[in-house]
Amino acid sequence: MLIKLQNLEGILPVKLYLPFDQEKVTIIIPTMGKEIPSRSEDYSLWYNELVKKADLAEHSDVRGCMVIKPYGYSIWEKMQQALDAMFKETGHLNAYFPLFVPKSLFEAEEKNAEGFAKECAIVTHYRLKNDPQNKGKLMVDPDAQLEEELVVRPTSEAIIWSTYKKWIQSYRDLPILVNQWANVVRWEMRTRLFLRTAEFLWQEGHTAHATADEAVKETVQMLEVYAEFAEKFMALPIIKGRKSEGERFPGAVDTYCIEAMMQDGKALQAGTSHFLGQNFANAFDVQFTNKEGKLDYVWGTSWGVSTRLMGALVMAHSDDDGLVLPPKLAPIHVVIVPIFKHEEELNKIAEKAKEITASLKKQGYTVKFDSRDTHKPGFKFAEWELKGVPVRLAIGPRDMENGTVEVARRDTKEKQVMKIDEVATKIPALLDEIQENIYNRALTFRTNLTTKVETYDEFKKVLDEKSGFVLAHWDGTPETEAAIKEETKATIRCIPLDAVEEAGKCIYSGKPSNKRVIFARAY
RNA sequence: CAGGGUGUGGCGUAGUUGGUCGAGCGCGCUUGCAUUGGAAGCAAGAGAUCGGAGGUUCGAAUCCUUCCACCCUGACCA
């Protein structure tokens with residue numbers, strides 16, 4: 001027996017199967033294919049499904065590696081464009097260094113090499129041959145072993161500093177301000193789309209300076225660039241800070257970072273900028289003659305952000321209906337969905353859409369007119385919401401009569417009716433408002449999930465019951481940090497640059513402390 | 001890498017004391033007609049060596065061995 005109940009007050013179609021001849025009663029509620037799990041049910045499942053369903057990325061046939069799909073890559077390109085302009089603005093130029101690093105170079109800076117040793121991919125051979133035992137198959141040619149193994153770069157300091165040695169003789173050759181957009185490989189045990197994959201895309205800036213002071217200024221400057229990018233473009237509120245010794249980049253003297261909070265209360269490092277001191281100059285013997293005619297080692301910095309920012313973008317703003325993209329990074333700003341019965345009607349609407357598109361395009365916005373007649377409007381609405389397009393315009397016969405459009409914003413789901421003539425002026429303003437709104441929403445969220453605690457008990461309770469950032473006093477020792485991490489899984493995300501000086505006691509050891517640091521569980 | 005889990009047409013799944021399963025269903029896909037203001041209605045149709053390889057058996061999606069991938073927890077990490 002089959003009872004079919006359909007479209008009950010707008011609910012999804014429901015079919016009730018009542019097999020009286022069986023003991024069990026099965027109720028089947030068909031899913032619509034594009035639906036994603038809710039955040040509250042299973043946050044990480046929500047994230048994974050959203051990334052896939054919104055066409056950002058998918059798993060590849062290579063373990064731990066992802067395919068970034070065109071829509072996802074468009075967003076990354078937007079990020080690249082914005083960042084690249086900022087790098088150029090601050091005097092940097094792009095260059096490209098090899099993917100492979102000879103092992104001897106790689107191991108030159110010991111701490112750095114040690115830090116990455118456990119997750120390096122290594123090239124040992126340069127040729128395959130037909131397998132005599134196994135027809136049609138290939139095998140590594142044992143006669144084609146490399147004299148020196150090549151490390152696939154997990155980061156490029158080694159190859160770059162060995163090159164800088166050739167470029168630098170005098171203070172007149174400094175500073176060197178270079179950035180590269182590249183892929184790197186870190187052989188991760190556990191991977192997640194965008195957040196942690198074996199191969200990922202990033203940019204890495206590598207600069208060389210005559211003085212420590214100048215290098216530190218560069219480090220801080222690039223941190224500011226990242227902070228500005230995160231807040232202005234990604235609408236992502238961040239906290240600028242320095243890493244504790246335990247969380248510092250291997251090979252760096254000082255690591256600065258921007259830390260963001262995701263909707264599940266976990267922290268995510270969104271960018272890092274390192275003051276390398278003279279560590280790499282020492283390791284690669286990069287010396288220059290200074291103005292006084294004396295030899296000195298060069299001071300370095302390096303800084304980077306990766307496709308991990310894509311993960312941050314998703315986890316910071318999106319909701320159960322799909323992506324919520326900040327207009328400044330959205331590949332499509334406005335989608336126009338026509339509502340029509342006949343082709344004739346569609347043509348009329350298309351004309352209007354063309355006008356609207358032209359007026360917005362002139363102002364630098366990307367507009368998509370979704371004229372597919374293979375899908376109904378409701379389907380399109382849901383689809384563009386899933387993809388996070390900030391503004392949707394719907395134009396139907398009624399609108400054509402009244403000279404109006406229906407405007408829906410993705411961030412709040414609010415709809416309003418607007419005069420068509422006003423679209424060209426009001427939509428840009430609306431996009432700005434959306435950009436601001438999602439930033440503010442994320443900031444409010446973070447503020448609500450930021451807690452000051454005085455005792456270790458309180459600390460643990462907040463972590464378990466509330467999550468988020470916990471501001472607490474710390475005695476500054478790696479031992480305390482390690483113990484807290486061991487017991488609670490929370491790490492020191494950063495020592496905020498704007499931390500207020502205040503006398504207090506370390507929550508763990510009770511020793512004196514003069515400012516609070518940010519603890520959180522992190523990605 | 002350790003512990004746990006999962007793997008069935010493109011996606012989500014039913015089915016696992018071995019045999020009416022010669023694998024069912026929903027979404028998606030194709031064709032025709034219809035429709036279009038929130039996930040398209042009717043009809044017909046295509047699509048699966050049940051993750052791979054071996055094995056047990058008269059018989060395997062179902063049992064065994066092994067490998068692979070993904071998910072969760074841990075260690076590690078941007």
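Convention: sequence-line order gives letters A, B, ...; per-chain numbering from 1.
Between G38(B), C76(B), C72(B), one nucleotide has an atom nearer to the side chain of Lys415(A) than all others, and that is G38(B). Of the candidates G38(B), G37(B), A78(B), A78(B) carries the atom nearest the Arg186(A) side chain, counting heavy atoms from C-beta on. Distances from the side chain of Ser306(A) to the nucleotides A78(B), G38(B), C71(B) place A78(B) closest. In the set C29(B), U36(B), C72(B), the nucleotide with an atom closest to the side chain of Arg192(A) is C72(B). Checked against G38(B), C76(B), C71(B), the side chain of Lys485(A) finds its nearest nucleotide in C76(B). For His375(A), whose side chain is taken as the heavy atoms from C-beta onward, the closest listed nucleotide among G38(B), C29(B), G37(B) is C29(B). When distances are taken from the side chain of Phe379(A) to each of C71(B), G37(B), A39(B), the shortest belongs to A39(B). Listed nucleotides: C72(B), G74(B), C70(B). Nearest to the side chain of His59(A): C70(B).
Here, G52(B) and A14(B) have their C1' atoms 24 Å apart, quoted to the whole Å.
If you check distances only, the side chain of Lys341(A) never reaches the base of G37(B) with a donor-acceptor pair under 3.5 Å.
When the side chain to side chain contact (heavy atoms under 4.5 Å, CB included) test is applied to Asp254(A), the partners found at least two apart in sequence or on another chain are Arg242(A), Tyr256(A), Phe275(A).
In this pair, Trp46(A) and Tyr43(A) present their aromatic rings tilted. The plane angle is within the 30 to 60° band.
Checking each of Thr491(A), Asp264(A), Asp464(A), Thr488(A) against Arg521(A) for a side chain to side chain donor-acceptor pair (under 3.5 Å) leaves exactly one that passes, namely Asp464(A). Of the options Ile159(A), Asn183(A), Val185(A), a side-chain contact (heavy atoms from CB on, under 4.5 Å) to Arg153(A) is made by Asn183(A) and by none of the others.
Between Phe249(A) and Thr191(A), the residue anchored closer to the 5' end of RNA chain B is Thr191(A), taking for each the nucleotide with the nearest heavy atom. Summary of the strand contacts: Lys380(A) and Ser44(A) both lie near RNA chain B, and taking for each the nucleotide with the nearest heavy atom, the more 5' one is attributed to Lys380(A).
In this structure, Gly311(A) reaches neither bases nor backbone, as no heavy-atom distance under 4.0 Å exists between it and the strands shown. Here Glu188(A) lies in heavy-atom contact (under 4.0 Å) with a base. Using a 4.0 Å heavy-atom distance criterion, Lys413(A) is classed as making no nucleic acid contact. When heavy atoms are screened at a 4.0 angstrom cut-off, Leu45(A) is found touching no nucleic acid atom at all.
If you take OH of Tyr43(A) and P of C72(B), they are 13 Å apart, rounded to a whole angstrom. Per the geometry, NZ belonging to Lys53(A) stands 13 Å off P belonging to G28(B), to the nearest Å.
Met261(A) CE to Leu268(A) CG: the interatomic distance, rounded to the nearest 0.5 Å, is 12.0 Å.
When the side-chain nitrogen and oxygen atoms of His342(A) are compared with OP1 and OP2 of U35(B), none of them lie within a distance under 4.0 Å. Between Lys376(A) and G41(B) there is no side-chain polar atom (N or O) within less than 4.0 angstrom of OP1 or OP2. Arg190(A) has no side-chain polar atom (N or O) that falls below the 4.0 Å cut-off from OP1 or OP2 of C70(B).
Note that Arg392(A) lies in the cation-pi zone of Phe381(A), set by a 6.0 Å cut-off to the ring centre and a 45° limit from the axis.
Helical stems of RNA chain B (runs of at least 3 Watson-Crick or G-U pairs, donor-acceptor distances under 3.5 Å) are listed by first residue: B:1-7 with B:68-74, B:10-13 with B:24-27, B:29-33 with B:41-45, B:51-55 with B:63-67.
Checked against the 6.0 Å centroid criterion, the rings of Phe87(A) and Trp303(A) qualify as a close aromatic pair.
For the pair Trp202(A) and A78(B), the ring geometry does not qualify as stacking, because the centroid separation below 5.5 Å and plane angle under 30° are not jointly satisfied.
Using a 4.5 Å heavy-atom threshold, the side chains of Arg248(A) and His274(A) count as separate.
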